[in-house]
Amino acid sequence: MQELRSKAVIICGTTASGKSSFAIDYALKNNGEIINIDSLQIYKELPIVTASPTKEDLKKVPHHLFNFIDGKDEFSVGKYLSLAKETADEIISRGKLPVFVGGSGFYISAVLNGLHELPEADIKIRNKVSKMTNEEIAKELEKNTPEVLQKININDRQRLSRAYEYFLQEGKSFLSAKENKRLGALPYDFEIICVSRPKDEINERIEQRIYQMLDDGMEQEIKNFLSLNIPEQRTISKADGVQSFKKYFDGLITKQEAIQEMIFKSKHYAKRQRTWYKHQLPENTIRKELIG
RNA sequence: GGCCAGGUAGCUCAGUUGGUAGAGCAAAGGACUGAAAAUCCUUGUGUCGACGGUUCGAUUCCGCCCCUGGCCA
């Protein structure tokens, strides 16, 4: 006999696809509560830039895991996964439906499939590795676990560094880690809805939304954020628009150029999301084209 | 109207001492296992402004015309 699993829903879609308002409607109709599954809306510092839910949204239906992590703190999919499980279990215990909403493919994959059993990144080791050049890291990997270099491009700084960090922590090849079983997949019966819109429409909505963000006080928000001096390497600092506006504040480019750069970055992000959703989501995903 | 500088990829420009061209950005496709809005990989034929001339051969030299800036009338 198969155990009876609780139901849960994941609603994903590219940036500016309208997934958030779709999700609110969905939650209202299905006795649901919304759980964030977006890697940047997790942080509290940039609600406007990250298009986090508005006060009006929050009034309509309960939202969880939005804008609560301090940008200077380290965060990870692993941490997200346990928070997500806790939150969803609690929602289910109250007889409600968990409705995950967000665009981060990596997080969605973790929720659905779990993560390989391996230790979290160690900040001390990461800081040490961060001082090395790609060539130096590659040389060390070549010496110790040469097979990982077949899989990782030498320019792919992040994966290169992660593989070497893992070696330093565990003394083993990062590839062997991927043979470990996956743990922590959330034990629910998932319905996955991937919303989309024609590409031209997404592009237009991206532009419109950025002008709306400007009206909503994005410039001041970014200024405040920059005054916190959170390192540029942190993901929160790489939210689309932040570095572009920093260049504008520093007098390196015009405001119009900063806006244009932010638009380009957002379009690139949407592109990467499309690729991910096309190839990485499970077969039974419901693909839904939104209109209007 | 005169002089000067330009007109080369969707954009900004480089280049060809005459043998039909290449960067950045954009665009398209792809990868992805605790940093993921991250990180990375692949993809460049375009009447080289139009028309004539010289030449085996012109985007390159010459003439003329058109367009865009700037300066002078």
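Worth saying up front: this structure is predicted, and the values here are computed from it rather than measured. Quick note on labels: first sequence line is chain A, next is B, and so on, each numbered from 1. Basis for what follows: all heavy atoms, side chains included, without hydrogens, waters or symmetry-related copies.
Applying the salt bridge (charged side-chain N to carboxylate O under 4.0 Å, His left out) test to pairs two or more places apart or on separate chains, those with a residue in residues 211-229 of chain A are A:E219-A:K255.
For B:U39, its base never sits under 3.5 Å from the side chain of A:R157 at any donor and acceptor pair.
Hydrophobic cluster membership for A:I34: A:V9, A:I11, A:F22, A:I24, A:Y26, A:L28, A:V61, A:F66, A:L97, A:V99, A:V101, A:I193, A:V195, A:I286, A:L290 (Ile, Leu, Val, Met, Phe, Trp, Tyr linked by side-chain heavy atoms under 4.5 Å, directly or transitively).
Judged purely by atom type and a 3.5 angstrom limit, A:T275 uses its side chain to pair as donor or acceptor with the backbone of A:K271. Within the 3.5 Å criterion, the main-chain N or O of A:A16 finds a donor-acceptor partner in the side chain of A:R205.
Distance A:R159 CZ to B:C41 P: 11 Å, rounded to the nearest Å. Rounded to whole Å, atom P of B:A36 lies 14 Å from atom CD of A:Q41. Atom NZ in A:K79 sits roughly 13 Å away from atom P in B:G34 (whole-Å rounding).
With both ends at atom C1', the span from B:C13 to B:G7 equals 12 Å, rounded to whole Å. Atom name P, nucleotides B:C51 and B:A26: the rounded distance is 34 Å, in whole Å. The gap from the P atom of B:A36 to that of B:A23 amounts to 34 Å, rounded to the nearest Å. Taking the C1' atoms as reference points, B:C66 lies 30 Å from B:C25, given to the whole Å.
Qualifying salt bridge (Lys or Arg N to Asp or Glu O under 4.0 Å) partners for A:R274, counting only residues two or more places apart in sequence or in other chains: none. Residues satisfying the salt bridge (Lys or Arg N to Asp or Glu O under 4.0 Å) test with A:K72, not counting sequence neighbours, are A:D70. For A:E289, the side-chain contact (heavy atoms from CB on, under 4.5 Å) partners are A:S196, A:P198, not counting sequence neighbours. Under the rule for a side-chain contact (heavy atoms from CB on, under 4.5 Å), the partners of A:N224 that lie at least two apart in sequence or sit in another chain are A:Q220. By the side-chain contact (heavy atoms from CB on, under 4.5 Å) test, A:E33 is found to be paired with A:P62, A:H64, A:I91, A:R94, A:K96, residues two or more places apart in sequence or in another chain being considered.
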Toss me the dot-bracket line for RNA chain B: Watson-Crick and G-U wobble, both under 3.5 Å, 5' to 3', using | for pairs to another strand and [ ] for crossers. (((((((..((((.....[..)))).(((((.......))))).....(.(((..]....))).)))))))).
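Counting any heavy atom pair closer than 4.0 Å across all strands shown, A:F174 reaches sugar-phosphate atoms only and no base atom. Across all strands shown, A:Q280 has heavy atoms under 4.0 Å from base atoms, whether or not it also approaches the sugar-phosphate.
Under 4.0 angstrom from either OP1 or OP2 of B:A36 there lies at least one side-chain N or O belonging to A:Y107.
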Strictly under 3.5 Å: I want the nitrogen or oxygen pairs between protein and nucleotides 25-29 of chain B, one per line.
from  : atom 1 : to     : atom 2 : distance (Å)
B:A27 : OP2    : A:H268 : NE2    : 2.6
B:A28 : OP1    : A:K199 : NZ     : 2.9
B:G29 : OP2    : A:K271 : NZ     : 3.1

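Residues of residues 108-132 of chain A having a heavy atom closer than 4.0 Å to RNA chain B, listed by number: A:L115, A:H116, A:L118, A:E120, A:A121, A:R126. Of the residues in residues 204-236 of chain A, A:T235 come within less than 4.0 Å of RNA chain B through at least one heavy atom, sorted by number.
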Donor-acceptor pairs under 3.5 angstrom involving side-chain atoms of residues 81-89 of chain A: please list them, not counting sequence neighbours.
from  : atom 1 : to     : atom 2 : distance (Å)
A:S82 : OG     : A:K79  : O      : 3.2
A:K85 : NZ     : A:D89  : OD2    : 2.7
A:T87 : OG1    : A:L83  : O      : 2.6
A:D89 : OD1    : A:Y188 : OH     : 2.7

